[in-house]
Amino acid sequence: MASNLSLLSGGQLVVAALRAHGVEMAFGVAGESYLEILDALYDTPDIHFVTCRQEGGAAFMAEAYGKLRGKPGVLLVTRGPGACNASIGIHTAFQDSTPMVVLVGQVARHQIDREAFQEVDFRRMFAPLAKWVAQIDLAERVPELVNQAFQVATSGRPGPVVLALPEDMLRDRRAAEIAGPYHPVRAHPGAADLAEMRRLLAAAERPIMLVGGGGWSDDACRDITKFAEANDLPVCCSFRRQDIVDNRRPCFVGDLGTGAAPSLVARIREADLLLAAGARIGEITSQSYSLLGIPDPGKVLIHIHPAAEELGRVFRPTLAIQSGMPEFAAAAAALEPVPARRWAQWRAAVRGEYEAGLQPSPATGDRALDLGAIMTWLRQRLPDDAIVTSDAGNFSGWPNRFLQYRRPGRQLGPTSGAMGYGVPAAVAAKIIHPNRLVVGFCGDGGFMMTGQELATSLAEGVGPIILVFNNAMYGTIRMHQERRFPGRVVGTALKNPDLVALARAYGAFAARIEHTRDFASAFEEAAAHNGAALLELVVDPEIITTRTTLSALRRQAETRNAAKAEA
Ligand SMILES: Cc1ncc(C[n+]2csc(CCOP(=O)(O)OP(=O)(O)O)c2C)c(N)n1
Ligand SMILES: [Mg+2]
């Protein structure tokens, strides 16, 4: 009982609770508001604290940890300023359904509501950004509330949880029994639902499966592939979730991201049954809510999701199944395949279109730096277990379209579209898996948001390879500008520092690549280098997507505007 336990400070209780939940690594930026936790970590060498250079980077690292390991990434930040910086990664964990536990220092209990130094009401601040926010006001409740935080972060639809820790509570000494480890709670599909799913599938002529969302273990990925292949189903993935199904297998037909192949979008319109497993049918997946009717989708929709509140949101499914992905995938893999399938040709045709899309478009070729050729080379070069991280921006269309993802390799990208994710996620991935090849893809815009985490990489003694696509602009926004306001460029041109000199100043290996022929040898040099490496790809700003050029967009917009003016 508690009376036989030794007295520990609130900070020591927090660290003991983290250990009990199997935490081996935490990311953060120090703050005087949580000195007791830092001091307890001093005595706990089995939790590796990664000292980051900005809380946004630290939060992205914790998020990438959650995606990669399937358990909560732990983030430690200080009061108002630290929490504000960290919010981008917490929002990303929320949108990406990634488990995360955030510990935030807070002002002393007797100062609360005076707007004390750096005080923020975290319950209000994080209400729409986190699954749950609590404040631990009594040190003896640390084990209870930390346990609840891990339960909530991992159960149902995973997500971020924030615990505010008043600094005087962290100093209080109390005896409390530590509890752990957490046990995530996930729903299982019912036998009747599975039978109905099979019946609907058997009646279909042009079915297509969509997989996405969080919570996919390697086993779940294997099981869902087994189900797809046993039923000869074409499978596409939602935005930045391409690693759920091995892209080299004949069932894989592409991704429904921001740069989805028009042929795939057309096929989904044509399909008479959509089986969506794990993905929210959100704005990007539904191509701005245009792909299906609202609320009647206009086709058979089977939607499987871990959270009840996502089922029937916007679109009304024919059959809704609340289930965790490992549980659903295992049950689906064990189902008797549907007899007399009518869609072998349909599946082969959709796959054929995906394979044809691996050929770079002529419009974007014939440049000094041929990105299509470089991506094709990388597709063959990357080992099976390579981890590819991505920032947000138009450059990400290149790895999304031309690389082929799979497990145990991974694709880690912000489905929230947060710029600045690429470098911190790559640094975290390399800290977690120092022996695997980690390649981070960034634009020049995104790289300049969090590139300073290369210093964290340096301090940790491990380094990913960062590829920066330098087109000297916020290319994505320039693309939208060119479509809506052709020729009127404002706020999107960038003047960059010398990225190679900058990377070298961090102690990284660095090279500027202006010609296709120089890429392979530079990449091999980077891979052989023991530490971080940066390759700056000097990209022709004309090449605005994998499919088109800036001037083609401008011409289209001008023609459209002229037609409008005449009408
Ligand atoms: C944190 C954040 N700020 C702004 C945006 C809006 N935004 C989306 S893409 C983009 C430009 C990205 O530029 P860059 O990283 O250079 O990639 P490019 O599109 O040029 O390939 C911007 C500003 C965003 N998604 N995230
Ligand atoms: Mg750019």
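As the structure lists them, so they are numbered: ligands from 1, and atoms in each ligand from 1.
- Both tests hold for R157 against F94: distance to the six-membered ring centre under 6.0 Å, angle to the ring axis within 45°.
- Note on ring orientation: taking the six-membered ring where Trp is involved, the planes of F126 and F122 are parallel (angle under 30°, cut-offs 30° and 60°).
- In this structure, R240 does not pair ionically with D96, as no charged nitrogen and carboxylate oxygen lie closer than 4.0 Å.
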Under the side chain to side chain donor-acceptor pair (under 3.5 Å) rule, what do T516 and D370 come out as? Steps first, then yes or no, please.
-> CA-CA 6 Å; T516 314; D370 181 344; 5.4 Å; no
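- Using bins of under 30°, 30° to 60° and over 60° for the plane-to-plane angle, the ring pair F509/H529 lands in the tilted bin.
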Distances only, to 0.1 Å: what are the N or O pairs between ligand 1 and the protein that fall under 3.5 Å?
from, atom 1, to, atom 2, distance (Å)
ligand 1, 15 (O), G445, N, 3.3
ligand 1, 15 (O), G446, N, 2.9
ligand 1, 16 (O), D444, N, 3.4
ligand 1, 16 (O), D444, OD1, 2.7
ligand 1, 16 (O), G445, N, 2.8
ligand 1, 16 (O), M473, O, 3.0
ligand 1, 19 (O), N394, N, 2.9
ligand 1, 19 (O), G475, N, 3.4
ligand 1, 19 (O), T476, N, 2.9
ligand 1, 19 (O), T476, OG1, 2.6
ligand 1, 20 (O), N471, OD1, 3.2
ligand 1, 20 (O), N471, ND2, 3.0
ligand 1, 20 (O), M473, O, 3.0
ligand 1, 20 (O), G475, N, 2.7
ligand 1, 21 (O), N394, N, 3.4
ligand 1, 21 (O), F395, N, 2.9
ligand 1, 25 (N), G417, O, 2.8
ligand 1, 26 (N), M419, N, 3.3

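- Test D246, D384, D243 against R406 for salt bridge (charged side-chain N to carboxylate O under 4.0 Å, His left out) and you get one pass: D384.
- A side-chain N or O of E63 and one of Y421 form a donor-acceptor pair less than 3.5 Å apart.
- In this structure, the ring of F395 has its center no less than 6.0 angstrom from the ring center of F441.
- The only member of R554, R555, R560 that meets salt bridge (charged side-chain N to carboxylate O under 4.0 Å, His left out) when paired with E482 is R554.
- Shown are the protein N/O/S atoms under 2.8 Å from the Mg ion (ligand 2), given by residue and atom: D444 OD1, N471 OD1, M473 O.
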